[in-house]
There are 2 protein chains.
Amino acid sequence: MTNPKEAAPKATGHTQRGQCSKRLSILDAAAEVFCREGFAGASIDEIAVEAGVSRQTIYNHYREKETLFTAVVEDVMNRTNASLFSILATFPGTPGNLEDDLTAFAVRLTKNCLCNQDGKILRKLVQSEGERYPQLFEGWRKHGPGRIGTALAALFARLSHGGALQMDDFDLAARQFLALVNADLQMLMLFGESPTAEQLDNAARNAVHTFLRAYSAPAANPATRLPMRADSDPRRTGQA
Amino acid sequence: MTNPKEAAPKATGHTQRGQCSKRLSILDAAAEVFCREGFAGASIDEIAVEAGVSRQTIYNHYREKETLFTAVVEDVMNRTNASLFSILATFPGTPGNLEDDLTAFAVRLTKNCLCNQDGKILRKLVQSEGERYPQLFEGWRKHGPGRIGTALAALFARLSHGGALQMDDFDLAARQFLALVNADLQMLMLFGESPTAEQLDNAARNAVHTFLRAYSAPAANPATRLPMRADSDPRRTGQA
DNA sequence: GACGTTTTAGACAATAGTGTCTAATTTGAC
DNA sequence: GTCAAATTAGACACTATTGTCTAAAACGTC
């Protein structure tokens, strides 16, 4: 999905590129099919066709279906983890406007980690097969939302220490921040649709606005109290 | 699951009660197995064994696997919908302490609709099979979160009109309320574990506290601003 | 152009699942 | 007790899938 490859879904068979890019084709196709059909519903032949690869090639690289499945999960998890890291580093060290900074940060987070194809695949696989593969689930918990949670908590601790926010439980605030960001998005994601840039922006704006009303330090921020109705941004509201 | 029935999972075959309660046994067992294995992974034989019923009986009642599946979904949706209605009516018309009322309400909601067995089954089936059965998904959207959302929005509109809350988008507030309630719970639910009463209570308390910090009318509520650290309830915080 | 590796198509056995059919048994109602 | 309806076990044909095997073809490298 994210890997650079030719997307020809039904190449009749022969040569398309170097021999080792087949692994990537297989992983991507398998991720797609596992996500769409579930582990039990996905057939190796379907994956082979979608990858433009012979079935035997799949069995050569990954001994059996389960091996392929865990390889897919690890692959998606690694990619998501990497992009997570790079996003977390983008929050400005010396903030200008806190609301704008947080909003832009939330947009980057949703666009590149939570709502992209990898995020969708990961969420669906964890939900549908997580109970059957506890070790896989544990890895996701540590590398995915676990890491994002603690990183966010650290960010909020920094902002609180600097006087911009006021809270007594950073982990709780991190969980609530993520929950608020998802509030307008999760319905969309269940539908399998990926939100438009405008929907992402609205969702982030709504989330951050409410978050800051709850957590911004008393005198520090203009968006804190009262000005409720006369709002500078007319499209802050509205269903995502 | 919720239906009154004997839970004997492996009754060798014959007679246990009236003939028409077989339908319920089948529906409950099928819900369980579909939830655990997914549509493709669930086998009719497995369902038959779990229901303590012959395979042929299943084919007599529900012509084929798909018919059984949609019957299961409708059954779970109806139960959830009914309990949803009864919960929504429990919010006191003349509020005493808004924070306590909202918290108790949130606990009832999560305990009886969102986090019980039916809620888990519904969420998982929608997530894993929703894209394959759009009509089923549409029904869930209307009867489930759709309804809960508008009902909550109406409640918040009433409270705003009465001066207890201050907001300009009731639907958004409803979505955020639900998101905040889920913030501490969704990790637990993905694990397949059902939260304890204490976890439910903490989650509701955390959610309502933050919600009111963002949305309570300026002078109406003591939990609004400033008293942050000296809190009357020592266990409001803490991982769910 | 030759060579070793990778890939491919296709056949193959083994297994599992769906949905049908039948004959025997059980059930509930009268 | 009788009778009709429901239920049952088991066999059955059919299809799909997994995983293996083999011989042929394509590939990259030299």
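So you know, we letter chains A, B, ... as the sequences are listed, proteins then strands, and number each from 1.
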Query raised in the report: Side chain of A:Arg55: nearest nucleotide among C:dT18, D:dT7, D:dG19?
Result: D:dG19
Query raised in the report: Quick one: B:Phe34 CZ to C:dG17 P, roughly how many Å, whole number?
Result: 13 Å
Query raised in the report: In terms of heavy-atom contacts, does NZ of A:Lys124 have more than 12 from other residues, nucleotides or ligands at under 6.0 Å?
Result: yes
Query raised in the report: Out of D:dG10, C:dG10, D:dT18, which nucleotide sits closest to the side chain of B:Gln56?
Result: D:dG10
Report task. Grab the OH-P distance between A:Tyr59 and C:dC12 for me, whole Å please. Result -> 18 Å
Query - Atom-to-atom span, CD1 of A:Ile44 to P of D:dT17 - whole angstrom - result: 11 Å
Report task. Would you classify B:Ala40 as touching base, sugar-phosphate or nothing, given that sugar-phosphate means primed atoms plus P, OP1 and OP2, and contacts are heavy atoms under 4.0 Å? Result -> nothing
Query raised in the report: How many Å lie between CG on A:Asp45 and P on D:dT15, as a whole number?
Result: 17 Å
Query raised in the report: In terms of side-chain heavy atoms of A:Val53, which of C:dT20, C:dT8, C:dA11 is nearest?
Result: C:dT8
Query raised in the report: So, is the end of the A:Arg23 side chain (NZ or CZ) under 6.0 Å from the ring centre of A:Tyr62 and within 45° of the ring's axis?
Result: yes
Query - Length of the line joining B:Lys65:NZ and C:dA16:C1', which is rounded to integer Å - result: 11 Å
Query raised in the report: Would B:Asp184 and B:Asn202 count as having a side-chain donor-acceptor pair, cut-off 3.5 Å?
Result: no
Report summary line: note: B:Glu46, atom CD; C:dA16, atom P; distance rounded to Å ~ 13 Å
Query raised in the report: Would you say a side-chain N or O of A:His61 is under 4.0 Å from OP1 or OP2 of C:dT7?
Result: yes
Query raised in the report: For D:dT7, does OP1 or OP2 lie under 4.0 Å from any side-chain N or O of B:Ser54?
Result: no
Query raised in the report: Rounded to the Å, how far apart are B:Lys22 NZ and D:dA5 C1'?
Result: 13 Å
Query raised in the report: In terms of side-chain heavy atoms, does A:Gln56 have a donor or acceptor partner in A:Asn60 at a distance below 3.5 Å?
Result: yes
Query - Any B:Thr57 side-chain N or O less than 4.0 Å from OP1/OP2 of D:dT7 - result: no
Requested in this report: Under 4.0 Å between any heavy atoms, over every strand shown, what does B:Glu64 touch: base, sugar-phosphate, or nothing? Just pick one.
Outcome: sugar-phosphate
Requested in this report: Rounded to the nearest angstrom, tell me the gap between atom CG in B:Asn60 and atom P in C:dT20.
Outcome: 10 Å
Query raised in the report: Taking the side chain from B:Asp75 and the backbone from B:Ala71, do they hold a donor-acceptor pair closer than 3.5 Å?
Result: no
